[in-house]
*Asks:* 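I have a structure I would like to understand better, so I am pasting it below and will then ask my questions one at a time.
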Amino acid sequence: MKKLVNDPSDYVDEMLEGMVAAYPDRVRRLDGTKVLVRSDAPVDGKVGVVSGGGSGHEPTHAGYIGDGMLDGAAAGEVFTSPTADELNEMVRACDAGEGVLCVVKNYEGDVMNFDTAAEMAEMEDVEVAQVVVNDDVAVEDSLYTSGRRGVCGTILVHKAVGAKAADGGSLEEVQAVGEKVIDNVRTMGMALTSCITPEKGEETFDLGEDEIELGIGIHGEPGTERTEMMTADEVAEHLTENVLADLDPDDGDDVVSIVNGMGGTPLSELFIVNRKVQEILDDRGLETWDAWVGDYMTSLDMMGCSVTVCRVDDELKELLGAAVDTPALKR
Amino acid sequence: MKKLVNDPSDYVDEMLEGMVAAYPDRVRRLDGTKVLVRSDAPVDGKVGVVSGGGSGHEPTHAGYIGDGMLDGAAAGEVFTSPTADELNEMVRACDAGEGVLCVVKNYEGDVMNFDTAAEMAEMEDVEVAQVVVNDDVAVEDSLYTSGRRGVCGTILVHKAVGAKAADGGSLEEVQAVGEKVIDNVRTMGMALTSCITPEKGEETFDLGEDEIELGIGIHGEPGTERTEMMTADEVAEHLTENVLADLDPDDGDDVVSIVNGMGGTPLSELFIVNRKVQEILDDRGLETWDAWVGDYMTSLDMMGCSVTVCRVDDELKELLGAAVDTPALKR
Amino acid sequence: MADESVQREALITAIENVAARIEDEKSHLTDLDSAIGDADHGNNMYRGFSAVAEKTDEFEEMSPAEVVKTVGTTIIGNVGGAAGPLYGGSLMTASQELEGGITTETSVAFAEAYLDKVQDRGDAPIGAKTMVDALVPAVHTYKKSIEHDDLPPLTAFAKAVEGARRGVAFTVPIKATKGRASFLGWRSVGHQDPGATSTLFIMEEILATAEE
Amino acid sequence: MADESVQREALITAIENVAARIEDEKSHLTDLDSAIGDADHGNNMYRGFSAVAEKTDEFEEMSPAEVVKTVGTTIIGNVGGAAGPLYGGSLMTASQELEGGITTETSVAFAEAYLDKVQDRGDAPIGAKTMVDALVPAVHTYKKSIEHDDLPPLTAFAKAVEGARRGVAFTVPIKATKGRASFLGWRSVGHQDPGATSTLFIMEEILATAEE
Ligand SMILES: Nc1ncnc2c1ncn2[C@@H]1O[C@H](COP(=O)(O)OP(=O)(O)O)[C@@H](O)[C@H]1O
Ligand SMILES: Nc1ncnc2c1ncn2[C@@H]1O[C@H](COP(=O)(O)OP(=O)(O)O)[C@@H](O)[C@H]1O
Ligand SMILES: [Mg+2]
Ligand SMILES: [Mg+2]
Ligand SMILES: [Mg+2]
Ligand SMILES: [Mg+2]
């Protein structure tokens, strides 16, 4: 296993030290935890916006701490939800009295730990609200599954709720914005290779030279389907068509698109995919109001990509287009 | 070979189409070329700043087109210098009458093609100046080599000269700023794996499971030394110590540091490296005025990193800290 | 049953044995969680139980109920993921049943409360391919053996472990409808559930401790 | 020598043979440029000479000097990298020597001008492990065979090709001090230079064409 690491069991701790060392004016670490918050948290007069999850998805989440986006981000071990006590500390550190919105991705571990943390915070009179992101279309949402995964569309939720909070929105208003994005965003991903976690030291699943995995998540687990190698155009078509079929936008709708790299894929290939994604959106009569191409929510060194499409109205355009100043996203 | 590609011989063309499709308001493509320029080029009253080189280093170069940085970027085939005629077209498209500065990396192909292009542009009365970046310390600069490579420190040259030009600097002043950065910046890189080019379809060199390559460039060629696997801290020490030994800064100097990913390495690992880099800079009495961590100048899917240290004075701080609005870098 | 200090010593010994077993099985649990998950269950459990094992000195001052509760809070604070709240939160809640000490009656109440909390928290029915599929046969067998068959607790618990073992085997051929494995849909069939497996290992060590 | 249209036809045939040879050798040149470079020389040359081969219709209207000049500009506009300006720019400049047509004398002048331009542009001396190491023995042998030994051009050129072959072999055991390979320092020793190799292939095809 070839990684730039020291002792693998120090992976997350050292990563956080490196982040704080890079952005000492932007973030501080809560003592004895794996939580980073804005250096000036809690920010007076503003609803706090926090998120968190396993490590290994960088820049998600701490890369989005700053004006107009997150006040705090909790890092769990690689691919492991942070513990409830640390989430509670984060919520309390980001509460200026206006309440805190937690952006939670739909994984049982994330939801249970955030739920427990919310209970703990409320016992100390912090008002906590939550939105649960479930934008992945690869998995059916039914009584017979644990629902859909929260994947790259989460970044648009972070951006919109962060902007609403920065604009003085109340906790209810900020939560409503989050729900609005969730209602309007869909994503699907694929992988050319698995990823290697620092503790396991091997790929989490084996793909042959001629195989790809469709319907992947962000935790290195197998996808919904293994199939033959596809061209970039075929991948773009498969992902985008599935997303649009589920989102079912109308002709003339404005959208935000994201072609997101899983970590190991070169940026040039993401642009090759974007070329076909934009062609499909255009053919469907959709107007791409903003296109994002890059690594926003990764899975360590996995090669692959996901396509996100989010329908946007004037409110969401204003919020998604608002100024933001974080290490990983600026406008 | 697993890549998100269609026909490998269309790689660069489709990547450029995907870029223009992502940023239609920011850039346009010069017909029949692989050159992208600002949509509003040439910008009146301003020295034009252009660069270019082989593809495969994204976001370098076109990711840096915009206010405060590049007016134009020429893409060659993967790892291949663009042709002189296209560089000439780019220079001419970015000339508003104040002259054009070309930021050239020190590779014989890049230098020869930019030189020819400058001759061609001057025949049409365009004033062209040039700076040649050679920040890599891994190779000795002597009569017996072709000099040092231009690598990630080039991004700081782009930023500083772009800011000086945006501030109304003359061609001579802009060039002088470029030379100043070049005098004060040093870089060294290493690789855990080679990279796979779309046309060749295989790794350009073979590294065993327990081997790494020190002193690499950005074109997938072998480095200066192959050695045993190192920890992240050992890598950070090796690269930073070599850079500092060559730069020889004084106690109390301010610096900008860059921990740059070669493309395939997860962001979390770059932060682990940054942790030790900042420790070393601090131990040496240097003040990190700004720390960059991310993929700035890559080598397709290569796993590895480079460390850049640039000594900065008040002028460079102003220029490096100035507002900039490009796809890959914003302030 | 024996007095409080004997119960506490037995708990502490069980904890140490469980921690050692989890360490031995870390790779195996990781492998199970690779086939139908994100390859972290082994590390998560190891991290949590190592933290628990480090507290054995503190436990010397506590009642059995407090020991169990502290194991729960330590797991919540160290394991993370889905298993953290499920193991930890359930131990915390169920520990209340042991406030009068560990007796045959309170051990049944504890087992039931533990299972209830796991199902309340995780909302998984039987047959969802989770730890519940190891717990339900274990708890049902334990309760029935004691309350209906008048078996001694040690015998009842040995039967419960056998029930858990069948539960773990049962997770293999079914489709996951809860947890991360449910994202794999039909592809989850044919793979053993990691959380059910770690539950079995823990129960086996508790039984081994009790048999000494 | 023959008249202009015969010269032109010979040039066009040589160009077609060179393009075919470069296509056949694309992988091999790529492999050479992987060991001590960035694995693009084969593709660069293939792309350039394919573009040249597509212009054979245009060539029908041109003088031999114009054909050679156009080959040069086409290479500059298509090859990129280090080889583009070196091959293309030198052909462009040296083509001026052929303005009176291809004669024994002008062919020597052409060869010298070509080598001069490569060394002027690239600043590489002999022994830097570049295409210059194939060109210098070839040009020196050609000039000497014609001007001092009064050999017929075809014989002189065959000897020149043999000289280039020795030059290519000579690049193997020496350390690169120009070009990308120089970044490898001592590690470049033991590997054959790609640009010298493609130069040899091109010369071999020109010789084969002339021999028909
Ligand atoms: N909703 C649930 N109810 C009961 N058990 C669950 C539930 N979700 C997950 N589990 C259990 O947790 C185990 C996975 O634990 P772990 O890998 O540590 O967490 P994660 O899935 O968050 O990575 C599964 O094997 C399963 O037994
Ligand atoms: N300065 C130089 N002078 C002469 N030949 C050179 C010089 N630099 C490079 N070359 C030749 O160019 C070849 C490499 O060409 P190519 O791989 O196409 O370009 P690049 O090195 O830019 O990738 C080398 O093998 C060498 O023969
Ligand atoms: Mg997990
Ligand atoms: Mg090249
Ligand atoms: Mg897991
Ligand atoms: Mg090359």
Side-chain angles (χ1 to χ4, degrees), chain A residues 8-9 34 53-54 56 74 76-87 107-117 119-120 136 138-140 142-149 194-206 215-226 299, chain C residues 26-27 29-31 33-48 50-51 73-90 92 118 120-125 127-130 174-188 191 195:
Chain A
S9 58
K34 295 195 289 293
E77 293 295 325
V78 170
F79 295 169
T80 307
S81 324
T83 57
D85 54 308
E86 296 212 352
L87 294 174
Y107 301 101
E108 271 134 303
D110 289 25
V111 170
M112 285 190 281
N113 282 292
F114 266 100
D115 281 350
T116 303
E119 286 167 14
M120 292 164 81
D136 175 36
V139 178
E140 199 188 326
S142 83
L143 292 175
Y144 303 107
T145 69
S146 59
R148 291 177 148 177
R149 292 174 287 210
S194 175
C195 59
I196 298 180
T197 56
E199 294 262 24
K200 179 175 155 95
E202 291 172 12
E203 289 197 317
T204 48
F205 57 85
D206 283 317
I216 51 132
I218 58 169
H219 294 86
E221 72 264 35
T224 51
E225 190 188 340
R226 181 164 302 185
S299 191
Chain C
K26 182 169 85 153
S27 267
L29 293 171
T30 293
D31 289 345
D33 196 35
S34 297
I36 56 172
D38 55 355
D40 65 351
H41 189 60
N43 284 311
N44 296 345
M45 296 297 281
Y46 171 64
R47 185 172 55 253
S50 299
T73 54
T74 306
I75 285 174
I76 286 183
N78 285 276
V79 173
L86 289 166
Y87 274 111
S90 309
M92 277 179 67
V118 169
D120 176 61
R121 180 112 253 175
D123 200 35
K129 198 185 180 90
T130 71
I174 61 179
K175 182 169 172 263
T177 55
K178 280 292 179 189
R180 186 179 297 293
S182 72
F183 300 136
L184 276 62
W186 289 107
R187 299 177 82 191
S188 62
H191 299 281

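These numbers were taken from a predicted model, which means no experiment stands behind them. Here is how names work: the chains are called A, B, and so on, in the same order as the sequence lines, proteins then strands, and each is numbered from 1.
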*Asks:* When only pairs under 4.5 Å are counted, which of A/Val111, A/Leu87, A/Thr204, A/Asn113 shares the most heavy-atom pairs with chain C?
*Replies:* A/Asn113

*Asks:* Establish, from distance only, whether the side-chain atoms of C/Arg47 and A/Ser9 form a donor-acceptor pair under 3.5 Å.
*Replies:* no

*Asks:* What part of A/Phe205 is in contact with chain C, defined as an atom under 4.5 angstrom from a non-hydrogen atom: side chain, backbone, both or neither?
*Replies:* neither

*Asks:* Which one of C/Gly122, C/Gly77, C/Gly42, C/Gly89 has the most heavy-atom pairs closer than 4.5 Å to chain A?
*Replies:* C/Gly77

*Asks:* Of the backbone (N, CA, C, O) and the side chain (C-beta and beyond), which part of A/Glu225 lies under 4.5 Å from a heavy atom of chain C, both, or neither?
*Replies:* backbone

*Asks:* Please check: side-chain N/O of A/Ser146 versus main-chain N/O of C/Gly179, any donor-acceptor pairing under 3.5 Å?
*Replies:* yes

*Asks:* For chain A, find which of C/Gly80, C/Ala82, C/Gly37, C/Gly81 contributes the most heavy-atom pairs closer than 4.5 angstrom.
*Replies:* C/Gly81

*Asks:* Give, as side chain, backbone, both or neither, the part of A/Asp110 having an atom under 4.5 angstrom from any heavy atom of chain C.
*Replies:* neither

*Asks:* Give the ring-plane orientation class for C/Tyr87 versus C/His41, where under 30° counts as parallel, over 60° as perpendicular and anything between as tilted.
*Replies:* parallel

*Asks:* Is C/Asp33 close to chain A through its backbone or its side chain, or both, or neither, when contacts mean heavy atoms under 4.5 Å?
*Replies:* neither

*Asks:* Just by distance, with hydrogens left out, do C/Ser34 and A/Lys200 show a side-chain donor and acceptor under 3.5 Å apart?
*Replies:* yes

*Asks:* Does any heavy atom of chain A fall under 4.5 Å from the side chain of C/Arg187, the backbone, both, or neither of them?
*Replies:* side chain

*Asks:* Measure distances from C/Ala181 to the heavy atoms of chain A and classify the residue's part below 4.5 Å as side chain, backbone, both or neither.
*Replies:* neither

*Asks:* Check each atom of A/Val78 against the heavy atoms of chain C and say whether the ones under 4.5 Å are side chain, backbone, both or neither.
*Replies:* backbone

